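What you are looking at is a predicted structure, and each value in this text was computed from that prediction instead of being measured. Order of the sequence lines fixes the chain letters, A, B, ..., with proteins taken first and strands second; residue numbering starts at 1 for each chain. The basis for the numbers below is simple: all heavy atoms, side chains too, and nothing from hydrogens, waters or symmetry mates.
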Amino acid sequence: MPELPEVETVRRGLAPFMVGARIRRVEARRADLRFPLPRDFAARLQGARIEALDRRGKYLVAPLSAGESLVMHLGMSGRFTVDGGDRPDGRYYAAGADPRHDHVVFELDGPAGPARVVYNDPRRFGLMDLVPSGGLDRCRHFAGMGPEPLSDAFVAETFNAALKARAAPIKAALLDQRIVAGIGNIYACEALHRAGVSPRRAARSVAGARGMRLWSALRAVLREAIEAGGSSLRDFAASDGALGYFQHRFRVYDREGAACPVCRAPVRRIVQSGRSTFYCGACQR
DNA sequence: AGCCTGCCCTGCGAGC
DNA sequence: TGCTCGCAGGGCAGGC
């Protein structure tokens, strides 16, 4: 799924169509995503105005005029596509996705004219929810979620202190959204490589100089990935169909056996918490 | 509490 | 060619 940079790319792609738009109609074709859609999902959305489109970690959040916010998560395989806008052919993005997996359709009267925003998700690990806008921080999705890594709320000393309290491997700690929001398997691996920190090391032993390097590396890799439009693996594309190109800049992720760009030693793959970790055993300590 | 495993679901590529 | 297996960007519940 999309991790923070991919979700941010999706947010930027959708915002011109969604922000300020009136929701004319919602078609919930399948209610069984990761969780069932909330009751009266379509009815609660119809007629509302979308005030903004924000991101929190890997979630998209759209505050509505009706006092609720639409909370969306793309899971592993979720994607949005948009029809409409000002393209001569009237089709801003021709979805390459299998229409059998178009689960939710939003028909909008937007600033750029009518638009149709379609949520497609083959694996259905994504979710949509409606929560009161006044209590977003307390809703089940965001309560306890760690700071946004690219905001001022992500403080190196606090990050170090959180690592100090953890015995688990640092890789697992980075995937824990309570410590820092938005990091997934790709950017955990990439940040650890940039910081020269072994993914196998206990988080508490990273606190200190390594922790500071990791803090910087996380911010750097996320910024660069957003600038590149995210990483396009398998099925990820921005809502305009453009492919991100950060995958060409991976130093270790999905590069088992290839040469480490720093020291030329072969990149290793191990399994931690049931997920692949890629790293260089020579320059990550 | 922290930590780990299994599981939700579909699709795709590798290997036979 | 057609099959089976393993694996995939996430996060939750349930076990210890």
Participant: Which nucleotide wins on minimum distance to the side chain of Arg269(A), given the candidates dA8(C), dC12(C), dC3(B)?
Facilitator: dA8(C)

Participant: What is the distance from CD of Gln272(A) to C1' of dA8(C), rounded to the nearest Å?
Facilitator: 17 Å

Participant: Where the side chain of Ser276(A) is defined as all heavy atoms beyond and including C-beta, which of dC4(B), dC7(C), dG11(C) is the nearest nucleotide?
Facilitator: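 The answer is dC7(C), which lies nearest to the side chain.
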
Participant: Tell me what Arg204(A) touches on the nucleic acid: a base, only sugar-phosphate, or nothing, going by heavy atoms under 4.0 Å.
Facilitator: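 No contact at all - Arg204(A) keeps every heavy atom at 4.0 Å or more from the nucleic acid.
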
Participant: In terms of heavy-atom contacts, does CZ of Arg213(A) have more than 12 from other residues, nucleotides or ligands at under 6.0 Å?
Facilitator: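 Buried by this count: over 12 neighbours within 6.0 Å.
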
Participant: If you assign each of Ser273(A) and Arg178(A) to its closest nucleotide in DNA chain B, which residue comes earlier from the 5' end?
Facilitator: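 Counting from the 5' end, the first nearest nucleotide belongs to Arg178(A).
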
Participant: Can you tell me if Glu227(A) has over 12 outside heavy atoms packed within less than 6.0 Å of its CD?
Facilitator: no

Participant: Write down the distance separating the P atoms in dC7(C) and dT5(B), rounded off to the nearest Å.
Facilitator: 15 Å

Participant: How would you label the contact of Tyr187(A) with the nucleic acid (heavy atoms, under 4.0 Å): base, sugar-phosphate, or nothing?
Facilitator: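 Touches nothing.
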
Participant: For dG11(C) and His73(A) - does any side-chain N or O of the residue sit under 4.0 Å from the phosphate oxygens OP1/OP2?
Facilitator: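 Checking dG11(C) against His73(A), a side-chain N or O does come within under 4.0 Å of OP1 or OP2.
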
Participant: Could you tell me whether Ala165(A) contacts a base, only the sugar-phosphate backbone, or nothing, with contacts defined as non-hydrogen atoms closer than 4.0 Å?
Facilitator: nothing

Participant: Ignoring backbone atoms, test whether Gln177(A) places a side-chain nitrogen or oxygen under 4.0 Å from the OP1 or OP2 oxygen of dG11(C).
Facilitator: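 True: Gln177(A) side-chain N/O within range (under 4.0 Å) of dG11(C) OP1/OP2.
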
Participant: Which nucleotide wins on minimum distance to the side chain of Tyr253(A), given the candidates dA8(C), dC3(B), dG11(C)?
Facilitator: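 Nearest to the side chain of Tyr253(A) among the choices is dA8(C).
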
Participant: Whole angstroms only, please: what is the CZ-C1' distance between Phe250(A) and dA8(C)?
Facilitator: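 It works out to 13 Å between those atoms.
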
Participant: Measure from OH on Tyr59(A) to P on dC12(C) and round the result to the nearest Å.
Facilitator: 5 Å

Participant: Whole Å only: how far is the CZ atom of Phe278(A) from the C1' atom of dC7(C)?
Facilitator: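 It works out to 10 Å between those atoms.
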
Participant: Relative to the ring of Phe250(A), is the ring of Tyr187(A) parallel (under 30°), tilted (30 to 60°) or perpendicular (over 60°)?
Facilitator: perpendicular

Participant: Is the NZ or CZ atom of Arg30(A) positioned over Tyr119(A)'s six-membered ring, under 6.0 angstrom from the centre and within 45° of the axis?
Facilitator: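 No, a cation-pi geometry is absent between Arg30(A) and Tyr119(A).
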
Participant: Let me know the distance between CG of Leu175(A) and C1' of dG10(C), rounded to the nearest Å.
Facilitator: 9 Å

Participant: Provide the distance between the two P atoms, one in dC9(B) and one in dG14(C), to the nearest whole Å.
Facilitator: 16 Å

Participant: If only side-chain N and O atoms of Arg100(A) are considered, is one of them under 4.0 Å from the OP1 or OP2 phosphate oxygen of dG11(B)?
Facilitator: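 Yes.
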
Participant: Name the residue from Arg22(A), Arg24(A), Arg49(A), Arg116(A) that meets the salt bridge (charged side-chain N to carboxylate O under 4.0 Å, His left out) definition with Asp109(A).
Facilitator: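 Considering Arg22(A), Arg24(A), Arg49(A), Arg116(A), a salt bridge (charged side-chain N to carboxylate O under 4.0 Å, His left out) with Asp109(A) is found only for Arg24(A).
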
Participant: Whole angstrom is fine here: how far is it from CZ in Arg79(A) over to P in dT10(B)?
Facilitator: 17 Å

Participant: In whole angstroms, how far is the C1' atom of dC7(B) from the CZ atom of Arg124(A)?
Facilitator: 14 Å

Participant: With a 6.0 Å cut-off on the ring centroids, do His141(A) and Tyr59(A) count as close?
Facilitator: yes

Participant: State the pairing partner of dG2(C); accept Watson-Crick or G-U wobble contacts with both distances under 3.5 Å, and report none otherwise.
Facilitator: dC16(B)

Participant: Which nucleotide in the set dC4(B), dA8(C), dG11(B) lies at the smallest distance from any side-chain heavy atom of Ala172(A)?
Facilitator: dC4(B)

Participant: Going by 5.5 Å between centroids and 30° between planes, is there a stack of Phe125(A) over dG11(C)?
Facilitator: no

Participant: The side chain of His101(A) is closest to which nucleotide in this list: dC7(C), dG11(C), dT10(B)?
Facilitator: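 Side chain of His101(A) sits closest to dT10(B).
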
Participant: If I take atom CZ in residue Arg34(A) and atom P in nucleotide dT10(B), what distance separates them, rounded to the nearest angstrom?
Facilitator: 14 Å

Participant: Of all the nucleotides listed (dA8(C), dG10(C), dC4(B)), which has the minimum atom distance to the side chain of Arg123(A)?
Facilitator: dA8(C)

